[in-house]
There are 4 protein chains.
Amino acid sequence: MKAVQVVGYHTTLQLTDIPEPTVEGPLDVIVRIGGAGVCRTDLHILEGQWEEKSGVALPYTIGHENAGWVHAVGDAVTNVAVGDKVILHPLITCGLCRACRFGDDVHCENSTFPGIDVNGGYAEYLRTTARSVVRIDDSLEPADVAALADAGLTAYHAVAKAAKTTRPGDVCVVIGAGGLGHIGIQVLKAISGVTVVVLDRNPAAVELAVKIGADHGIVADGTHIQQVLDLTGGHGAEAVVDFVGEGGATREGIAMLRRAGNYYVVGYGENIDVPTIDVISTEINFIGNLVGSYNDLQELMTLAAQGKVTLHTTRYRLEDFQQALDDLDAGRVRGRAILVP
Amino acid sequence: MKAVQVVGYHTTLQLTDIPEPTVEGPLDVIVRIGGAGVCRTDLHILEGQWEEKSGVALPYTIGHENAGWVHAVGDAVTNVAVGDKVILHPLITCGLCRACRFGDDVHCENSTFPGIDVNGGYAEYLRTTARSVVRIDDSLEPADVAALADAGLTAYHAVAKAAKTTRPGDVCVVIGAGGLGHIGIQVLKAISGVTVVVLDRNPAAVELAVKIGADHGIVADGTHIQQVLDLTGGHGAEAVVDFVGEGGATREGIAMLRRAGNYYVVGYGENIDVPTIDVISTEINFIGNLVGSYNDLQELMTLAAQGKVTLHTTRYRLEDFQQALDDLDAGRVRGRAILVP
Amino acid sequence: MKAVQVVGYHTTLQLTDIPEPTVEGPLDVIVRIGGAGVCRTDLHILEGQWEEKSGVALPYTIGHENAGWVHAVGDAVTNVAVGDKVILHPLITCGLCRACRFGDDVHCENSTFPGIDVNGGYAEYLRTTARSVVRIDDSLEPADVAALADAGLTAYHAVAKAAKTTRPGDVCVVIGAGGLGHIGIQVLKAISGVTVVVLDRNPAAVELAVKIGADHGIVADGTHIQQVLDLTGGHGAEAVVDFVGEGGATREGIAMLRRAGNYYVVGYGENIDVPTIDVISTEINFIGNLVGSYNDLQELMTLAAQGKVTLHTTRYRLEDFQQALDDLDAGRVRGRAILVP
Amino acid sequence: MKAVQVVGYHTTLQLTDIPEPTVEGPLDVIVRIGGAGVCRTDLHILEGQWEEKSGVALPYTIGHENAGWVHAVGDAVTNVAVGDKVILHPLITCGLCRACRFGDDVHCENSTFPGIDVNGGYAEYLRTTARSVVRIDDSLEPADVAALADAGLTAYHAVAKAAKTTRPGDVCVVIGAGGLGHIGIQVLKAISGVTVVVLDRNPAAVELAVKIGADHGIVADGTHIQQVLDLTGGHGAEAVVDFVGEGGATREGIAMLRRAGNYYVVGYGENIDVPTIDVISTEINFIGNLVGSYNDLQELMTLAAQGKVTLHTTRYRLEDFQQALDDLDAGRVRGRAILVP
């Protein structure tokens, strides 16, 4: 089958022909890829940023945001059947460790990560397991939702926490109106009664954010901290969800946070660098957020099927992977680039 | 009446004679002081560290850890009567703002803080309100419990949160086996099923911590991070309660924290300075902790009455305040110094 | 001033002239009534159903769903000023008992209930306290929101609990599409991602419920249990909110509940009569619901100001109270009858 | 191997020789039984009470409280190895349904129940899966802990919920000081700060309950409701855990419950029959409780290894199964009867 592989760092991906994956274990599921999201992380992999962390042996197939159709299943698979439309949870998890057994499969002690440390989805077929396939509604197309598998799931996971710890009428500031921010805003409006205030440096992004549901949009022009304080009676917001995490976002975000508020860290890059006396005197919390769980992904797919969460995508043929990567790198992709084999 | 007052910064306190406080408002309560804790914060006040923050007009009476007997009450007071033994919540709160109405009175939008920004308890009498007096069991003596009003309440508040977010058998590391740490350890053992691991640089403090209930004591000698990892199968602890917050405690504490673990910030001094990528890739949380609520103080007094939380104290006559402060400054006080008028 | 009073049971209310209430305590607030809801409970009071329970001395002024303008305040009132538009929490609470201090003021140990056991709002003025007045947005009119003070607040309180214990995509069955049901449906859609299935015997009520947001409407015609099971893959709903509580509603509602589901009891009349073996083998819960807290009422007023919760009302002059009661008794009121002085 | 089987209802069990179970699926685990608890449910099975519910084909091996050593494992088993000491979660669960993935494996949609609907543990060997085996500490013996697998786990699960919803100093009434009650009391004292009040008709059981940690023991002699009210200032208890569920226990238990309190249903037999008006006017909740999850069992085993939960047992040889059942039926077993192959 066709597959796009990492053959070395600091060099380009290569389209090659490799054997189709087959069912090896009783819980294995082979998925025919319908869409694979092209993510900035893919660029970082080629730059070698993940080389040491993943320890993956080259060559291997890249691509960690995948959806498609079930092509084959192992003997013990009971939750999907051949032909089912599915989206793939990004991790393959064991189901036996204590974290998995709490539903916190993201912290599985024995997970692998297709596209990062085993073969991923820039290909015609991919092998995962029964524990990682979420059936999606007939009304959804794999290529349309593939990018929700990782980026969207991360946004869902973070804002679902914010929804649980706020009350109707509370204010939630969303820092960053990019891809994750747009998903986050739509989810917040769909599952909570918070007032959503979105911040971004890009006026067009703010405008779009308001169009998809944000209650207030603020262009980060230097007066934005004060604008948030003004909107909140001088108190600050009960929750800040930071999809940026660099360029001073954390310092600014903390300044917008109300006493006893929660700061959700999603984007990354810079350090949180805050005096402990400020943390205790205002009694604020910092909440880390990784990708969501399998059950989170089920819920996000329900919202997608209900039309409450949508994502703009641009499709490329699998063979045009280089074009997709180049467009992403140059900022020419509107929404999310999706490879379709 | 006799009162010990701040008459200027960078100078000593003065014992003086001022009028007894009287009932002015319908919810006022005048308390005859039975014991006033001598706290390191009192030293900091004299050094001027609180001058700007509190904005208090001099002279005023110092002392923010107070217990005693109800001496007089306003017309609208229904919860205590003259003669009742009481401990004083450190804040005077409004009961009308949204925070008060959630039971989160620590974040009252209209609070005052006796001993910090209004007259405190180094005196024969103190004025507070019905909202701040907690009746204590007959078996308890004001001078024995006074220091639980602030230091103890802070420790209680933090570890009660840790107890709620852990499961029986989880590991909770307590950094710092001083006054707050000792209260925290006793409370954790009384209200939760966590395994308590205590860390301190002082071997005698560690030994005492184990005697009062800690399951494991580790002297912070350079191998302590590894010792915690060894105790937890290499995973780290589900919770770290940091009563130190300086000298590198936060960096070390984070290294002992399990994925998805909670870091409770109580002590302060240094910055939390942590890469956002570490926060999200391990999905850890930082939880700020101020003093506890009125209801927290009721619960701590219940534990005290049950003998589950005790505090070593050294009593001084009110007139000997200077000796108490000098002893505290010189590290000569075992447990907590208490002034008794 | 004019007031409508209970002068005896099993007889009509009387319009009379009584002295205006005045500020007696420091936290008292006198409200000029802008609207008083006419509730079925008012009919029950006249029938003597509350005689023993309330122990109120006759004559007294009836009316427990009130909103208006602040007319006078006591010395210690800081949260409202003369002229403020307010809605009244139905209870007058102490703010000092442990329940009040947890924000659970509905279980205040020292509360009174205007319109039930002290003078209520079928009058030009009413006395309450600072603890019971919630400022409302300029865009809201007292007569439009008065009925949210009790009936609406009860619905809000119950469905807010359901929202907290469900996940996006879960199914919540609402039994009863009357006044409370309509508020409940609007709130559920505003603050959660649950799929709302509404049941009622009245096809017109079901139709209206769907118009205001319910995802599915089912006319209770004998096949409705099966219809709910069909909608939920045979499993039943994660939550059932029962605004009826009589005529077999509880038996039917339990049959629609999923394993580990929550049954919210709001309406009353019949007994819950369920074998303990069914409770344990399916591990279901029954959750009682009284009226909401003060903070709940604040949140409901925020939703009302945002236009997310609306209530159809029919206004009557205060003098026409008998007409309003007669219309209510005869089922001639569309939405809620409101007396306007 | 030797196995004790149900060969018909209303007749005795038979000791017979059947083939040893073997590994059939990749996650299968064969356990050499070290102890099998003899439970009242086993008597009910023989009486035919489970015939229709379980639909099991006869003959089959009875016994649902099992512990032992791992004897063989399938290819995909990673969490235990041959020779490990284990206790068995009573259910075999799929790990793929939404309930399993939330850690709520008790509500697995595809579970089997060894000893009830497939072969159980009155035998030398039993087949289960990797998802159901909990490794136990070296210090514990299978025969000593086997009875914690079901009865103990049920008690743990219920009181752990009560611990989460109470605060230190709250009162928890335990109705029934039998086997489950004794486990429940020990767990409550180990993991929470509640004051435990135990009720039983049998003075010896009450005495023993106090010896193992209950703070107050009350013999149910007709004045017990009043005694609980007296102990709680007339308010009732914040939580009632009912291990009896028959003979009027629920009616009495409700009378002991505080406003806004939680009633944990564990024992069964009679109906909960309570007016909805009482449920809403006091805002009480009824919480159903089935057996605990796999993770609950891990936690209970941790408490057992720490010596915080112990169980009195009487051992019988497997061949003496009839004697064990006869002794149980006649009330001659002290603690729990355990069959040891």
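A note on names: the letters A, B, ... follow the listed sequences, proteins ahead of strands, and every chain is numbered from 1. Predicted, not measured: the structure shown is a model, and the values here were computed from it.
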For chain A, which residues from residues 285-298 of chain B have at least one heavy atom closer than 4.5 Å to it?
Asn285(B), Phe286(B), Ile287(B), Gly288(B), Asn289(B), Leu290(B)
Checking heavy-atom separations under 4.5 Å from chain B, one finds in residues 235-257 of chain A His235(A), Gly245(A), Thr250(A)
Does the side chain of Val266(B) reach to within under 4.5 Å of the side chain of Ile280(A), using non-hydrogen atoms?
no
One option among Val274(A), Ile277(A), Val265(A) has the most heavy-atom pairs under 4.5 Å with chain B, and it is Val274(A)
Ile284(A) portion near chain B, given a 4.5 angstrom heavy-atom threshold
backbone
Just grab all the salt bridge (charged side-chain N to carboxylate O under 4.0 Å, His left out) pairs involving residues 261-285 of chain A, residues at least two apart or on different chains.
Glu283(A)-Lys161(B)
Answer key: most heavy-atom pairs under 4.5 Å with chain B among Asn262(A), Thr154(A), Thr276(A) is Thr276(A)
Which of residues 96-106 of chain B have a heavy atom under 4.5 Å from any heavy atom of chain A?
Arg98(B), Phe102(B), Asp104(B), Val106(B)
